[in-house]
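Right, one structure below, let's go through it.
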Amino acid sequence: MAETFEDYQRRILGYVKGRDARRILRRTPGALERRISGVPRRRLSTPPGPGRWSVTHILAHLSEIELLWAYRIRTILDWDGAAIVGMDQDAWARNSRYDRIDPRRALDTFRGIRQSNLDLLDALSPRQRRRRGVHSQFGTITISDIFALMAGHDVNHSRQIQSILAKRRRS
């Protein structure tokens, strides 16, 4: 059975429950860089199985989702209660040709946009962090909720990358 958006949100937020989301957000780009350091591009670009994403796909996804959340946060800051439209990650992967993206460039893009988002987060007042958007799939979410989702998303995909690279090492 496919995971519902409610289940997905619960799982993703569960990864950061009791943890410092900002710390996760700050550390993820460096942790990913260390994890892929010295790994050949071909290995990063090889999916772990049919229909599964490679490390390259995941890094490209992280960079594009970071860009998307950056836009959404800024939209909510502009208009409290803004409508936030969901996305189809598989369509984005096809349209952006994740299979052809340089994984290290994707990580650099992720790092740059992440730093911009962290700079904004650090500048927001508590009142601004409580501003809300209405997401087509997640429902009403605050900017603070978004940063927690981003951190949980980091943990989720960091674990996937770790698992893919560990399996490839053993085989």
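The first residue in the sequence is number 1, and the count goes up from there. Values reported hereafter were calculated over all heavy atoms of this structure, with side chains retained and with hydrogens, waters and symmetry mates removed.
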- Looking at I101 and A106, what are the two nearest heavy atoms and their distance? CG2-CB, 3.9 Å
- Query: Which pairs, with at least one residue in residues 129-145 and sequence neighbours excluded, count as a side-chain hydrogen bond (donor to acceptor under 3.5 Å, both in side chains)?
  - Reply: T142-D145
- Step by step, work out the side-chain contact (heavy atoms from CB on, under 4.5 Å) result for V155 and I12. CA-CA 8 Å; V155 172; I12 293 299; over 6 Å; no
- Query: Going by the salt bridge (Lys or Arg N to Asp or Glu O under 4.0 Å) test, which pairs reach into residues 45-64, not counting sequence neighbours?
  - Reply: none
- I would like to know whether I76 and I146 meet side-chain contact (heavy atoms from CB on, under 4.5 Å); could you show each step before the answer? CA-CA 11 Å; I76 293 169; I146 289 171; 3.6 Å; yes
- Message: Given 3.5 Å as the limit, does a donor-acceptor pair link the side chain of R11 with the main chain of D7, or not?
- Response: no
- Message: Please evaluate residues R104 and E33 with respect to the criterion salt bridge (Lys or Arg N to Asp or Glu O under 4.0 Å), reporting the C-alpha separation (whole Å), side-chain torsions for both, the decisive distance (0.1 Å), and the verdict.
- Response: CA-CA 8 Å; R104 287 169 177 82; E33 183 170 2; over 6 Å; no
- Message: With a 4.5 Å cut-off on side-chain heavy atoms, are V55 and V39 touching?
- Response: no
- Go through the structure and list residues passing side chain to side chain donor-acceptor pair (under 3.5 Å) with Q115, not counting sequence neighbours. D119
- Item | Pairs touching residues 12-24 that satisfy salt bridge (Lys or Arg N to Asp or Glu O under 4.0 Å), sequence neighbours left out | R22-D122
- Message: If I compare all heavy atoms of I141 with all of Q9, which pair ends up nearest, and what's the gap?
- Response: CG2-NE2, 4.2 Å
- One should read off an interatomic distance between L62 CG and L107 CG, to the nearest 0.5 angstrom, of 8.5 Å
- Query: For H153 and H157, does a side-chain donor sit closer than 3.5 Å to a side-chain acceptor?
  - Reply: yes
- Message: Count I, L, V, M, F, W, Y as connected when their side-chain heavy atoms are under 4.5 Å apart, and connections chain through other members. Are W79 and I73 then in the same cluster?
- Response: no
- Item | Atom of P103, atom of L44 and distance for their closest heavy-atom approach | CG-CD1, 3.8 Å
- Between N117 and A70, what is the shortest heavy-atom contact and its length? OD1-CB, 3.2 Å
- Query: Is there a donor-acceptor contact under 3.5 Å from the side chain of T28 to the main chain of L25?
  - Reply: no
- Mind checking whether M150 and Y71 sit in one hydrophobic cluster, side chains of I, L, V, M, F, W, Y counted as touching below 4.5 Å? no
- Query: If you look at every heavy atom in R26 and P29, which pair is closest and at what distance?
  - Reply: O-CD, 3.7 Å
- Item | Heavy-atom donor-acceptor pair, N156 side chain to G152 backbone, under 3.5 Å | no
- Query: Nearest heavy-atom pair of R41 and R100: which atoms, and what distance?
  - Reply: NH2-O, 3.6 Å
- Message: Between R43 (side chain only) and L165 (backbone N and O only), is there a donor and an acceptor less than 3.5 Å apart?
- Response: yes
- Inter- and intrachain pairs under ring-ring contact (aromatic ring centres under 6.0 Å, His included), touching residues 97-119, at least two apart: W53-Y98
- Query: Applying the 4.5 Å side-chain criterion to the ILVMFWY set and letting contacts propagate, would W69 and V134 be lumped into a single cluster?
  - Reply: no
- From CG (D154) to CG (L32), nearest 0.5 Å: 7.5 Å
- Got a sec, which hydrophobics cluster with L67, joining ILVMFWY side chains under 4.5 Å apart, including via others? I113
- Message: What's the separation between atom CD1 in I164 and atom OG in S54, rounded to the nearest 0.5 Å?
- Response: 7.0 Å
- Query: What's the spacing between H61 NE2 and E66 CD if we round to 0.5 Å?
  - Reply: 10.5 Å
- Item | Value rounded to 0.5 Å, distance of CG in L121 from CD in Q128 | 10.5 Å
- Atom pair OG1 (T56) and CZ (R105), whose distance is rounded to the nearest 0.5 Å: 11.5 Å
- Are side-chain heavy atoms of S63 and R114 found at a separation under 4.5 Å? no
